[in-house]
2 protein chains.
Amino acid sequence: MTLTTRTLDVLAAFTPRHPRLRLADVAVASGLPLTTAHRIVNDLVRWGALERAPDGTLSVGLRLWELASLAPRGPELREAALPFLEDLYTATRENVQLAVREDLESVFVERLTGPDAVDVMTRVGARFPLPSTGVGRVLLAHAPSEVQEAALAGPLRRWTEHTDTDAGRLRALLAEVRRAGVAFSDQQVTEGAASVAAPVRRGRGEVVAAVSVVYSTARTTAAPLVPAVRAAALGISRALGARAAARP
Amino acid sequence: MTLTTRTLDVLAAFTPRHPRLRLADVAVASGLPLTTAHRIVNDLVRWGALERAPDGTLSVGLRLWELASLAPRGPELREAALPFLEDLYTATRENVQLAVREDLESVFVERLTGPDAVDVMTRVGARFPLPSTGVGRVLLAHAPSEVQEAALAGPLRRWTEHTDTDAGRLRALLAEVRRAGVAFSDQQVTEGAASVAAPVRRGRGEVVAAVSVVYSTARTTAAPLVPAVRAAALGISRALGARAAARP
DNA sequence: CGACGAGTTTCCACCAGGTGGAAGGGCGCG
DNA sequence: CGCGCCCTTCCACCTGGTGGAAACTCGTCG
């Protein structure tokens with residue numbers, strides 16, 4: 001294992017559940033001997049990737065945050081999308097999500113919710129397997145075919161009694177998502193919650209993200225939500241196209 | 001130079017001005033031989049800290065962003081502060097800034113602005129020396145005395161003809177900032193722009209950030225802004241106190 | 001005030017992984 | 001099809017990394 005990989009493993013010791021750690025915790029979480037962890041942590045602190053509080057606890061440093069803010073598929077996408085997501089939230093008063101694909105998972109890049117919205121557990125940065133969520137189905141439908149096959153290979157995870165785990169049916173569903181330009185997920189992940197999702201393209205080209213509304217099946221159905229979700233997705237796509245055109 | 005430091009230097013090659021780079025650019029920017037840069041970049045891509053586009057360009061990866069989102073003095077502070085900053089913006093319609101101190105600089109963690117606001121160059125993540133800005137004066141006033149001395153040592157940078165660069169006068173000014181609980185910066189950095197800033201404390205304890213309104217001297221004066229800035233700072237302080245109390 | 005425990009830092013014998021220039025390969029363009 | 005640019009691989013060389021043990025620091029408790 002390279003030292004670069006070890007360095008990254010030290011950083012990976014910090015999680016939403018454990019954002020502050022002592023040196024000994026870092027060593028345990030990263031699987032490294034105390035001395036090795038100590039050496040790496042000191043370099044990270046010196047550079048600003050980690051910072052040490054007076055009580056000795058370590059946390060992620062500002063400098064890493066500044067750097068990470070440059071991620072095009074995170075903050076940049078989020079910033080371009082935010083006005084449209086806010087409009088979509090205002091129009092629907094439900095959970096609004098923006099996600100991108102990374103390998104066989106979706107990563108939530110933005111999420112707007114309110115007091116009336118159905119309770120679904122997605123925090124920004126969270127990851128979720130592709131085939132069951134609305135955004136996941138959009139992202140998978142427009143992924144390279146080898147990604148689709150990999151995602152549908154092997155036993156699929158069942159989240160509720162409604163979860164569809166049949167690969168053949170899911171393949172047909174993905175073809176329909178491509179044709180219709182919209183995906184549905186009806187209580188596939190959470191009892192009582194469903195979603196409508198649409199693809200966000202860079203201009204009119206490749207699908208780079210998906211936007212969705214997650215709603216309570218007790219409160220509404222998919223049909224009235226479709227136009228607003230499509231409009232938001234198209235708006236974000238146009239905004240991204242404008243940004244791409246403005247780049248040298 | 002350790003490999004950990006080299007790894008971080010590779011990451012540091014990415015900047016707001018150059019968020020996307022080719023491998024050769026990374027080598028040049030980081031000062032490393034091509035082979036060394038290549039090796040490190042491959043490890044970073046494999047882990048998800050960087051990602052490679054089909055055309056070969058590299059950019060910061062989502063995984064780094066997820067990790068960096070754990071920074072307490074960045075996203076966490078920003079999230080706690082945002083409602084109060086929005087209120088402050090609504091009340092004043094001027095530039096609103098939130099900054100933290102890192103060594104002898106302030107780092108802008110959030111910034112709200114509008115079409116009517118005076119044009120000042122501060123993007124989130126930007127750094128600025130402490131002694132001339134409103135937030136900088138607040139952060140310096142409440143820093144350890146050795147930080148204050150270091151900041152005031154040597155010739156200070158002059159930004160406009162109004163910039164105060166006399167260490168003695170600045171020391172007295174910082175004492176006044178501590179006494180009054182508010183700092184002013186009148187055209188110290190930008191001709192025609194001034195600011196009012198107040199300290200954000202963790203609960204009632206240490207100063208962890210500063211909030212300010214930056215306004216046009218042609219449009220208003222400091223006095224009417226002081227109560228709103230103080231109120232925002234107190235609100236954020238209380239919010240942070242509540243969060244600290246809620247933590248295990 | 002001293003003992004103790006927990007956690008961090010330093011030591012040091014040992015050696016594995018890192019180094020980087022050169023060569024080879026891939027790809028786009030005229 | 002040849003050329004230029006950029007990336008990837010090769011490989012002789014060696015520096016920097018390793019990690020258990022010991023030392024050190026600090027807070028707590030009797």
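Chain A is the first sequence line, chain B the second, and so forth, proteins listed ahead of strands; every chain is numbered from 1.
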With sugar-phosphate meaning primed atoms plus P, OP1 and OP2, does A/Leu34 contact a base, only sugar-phosphate, or nothing at under 4.0 Å between heavy atoms? base
* To do: Pick base, sugar-phosphate or nothing for A/Arg39, based on heavy-atom distances below 4.0 Å to the nucleic acid.
  => base
Side-chain N,O ([X]) to OP1/OP2 ([N]) below 4.0 Å:
| X | N | answer |
| --- | --- | --- |
| A/His38 | C/dT8 | no |
| B/Arg52 | D/dC6 | no |
| B/Arg6 | C/dT19 | yes |

So if I take every side-chain heavy atom of [X] and compare against [options], which nucleotide ends up nearest?
| X | options | answer |
| --- | --- | --- |
| A/Arg22 | C/dG7, D/dG17, C/dT10 | C/dG7 |
| A/Pro33 | D/dT8, C/dA22, D/dG19 | D/dG19 |
| B/Thr35 | C/dG21, C/dT8, C/dT19 | C/dG21 |
| B/Leu3 | C/dG18, D/dC10, C/dT8 | C/dG18 |

Rounded to whole Å, please give me the gap between [atom1] in [X] and [atom2] in [N].
| X | N | atom1 | atom2 | value |
| --- | --- | --- | --- | --- |
| A/Leu23 | D/dC24 | CG | P | 19 Å |
| B/Asp9 | C/dG18 | CG | P | 17 Å |
| B/Arg46 | D/dT8 | CZ | P | 11 Å |
| B/Asp55 | D/dC6 | CG | C1' | 12 Å |
| B/Ile40 | C/dT19 | CD1 | C1' | 11 Å |
| B/Leu58 | D/dC6 | CG | C1' | 12 Å |
| B/Asp43 | D/dT8 | CG | C1' | 15 Å |
| B/Asn42 | D/dC10 | CG | P | 13 Å |

Per nearest nucleotide of DNA chain C, the residue lying toward the 5' end, A/Thr4 or A/Asp25, is A/Asp25
The answer to which of B/Thr2 and A/Gly56 contacts DNA chain C further toward the 5' end, by nearest nucleotide, is A/Gly56
Do [Y] and [X] meet the salt-bridge criterion of a basic N to acidic O distance under 4.0 Å?
| X | Y | result |
| --- | --- | --- |
| A/Glu51 | A/Arg63 | no |
| A/Glu206 | A/Arg101 | no |
| A/Arg46 | A/Asp43 | yes |

Checklist entry - B/Pro131 versus B/Arg137: any side-chain heavy-atom pair under 4.5 Å? => result no
Apply the test side-chain contact (heavy atoms from CB on, under 4.5 Å) to residues A/Thr4 and B/Trp47: give CA-CA distance (whole Å), side-chain angles for both, the deciding distance (0.1 Å), then the verdict. CA-CA 10 Å; A/Thr4 295; B/Trp47 187 86; over 6 Å; no
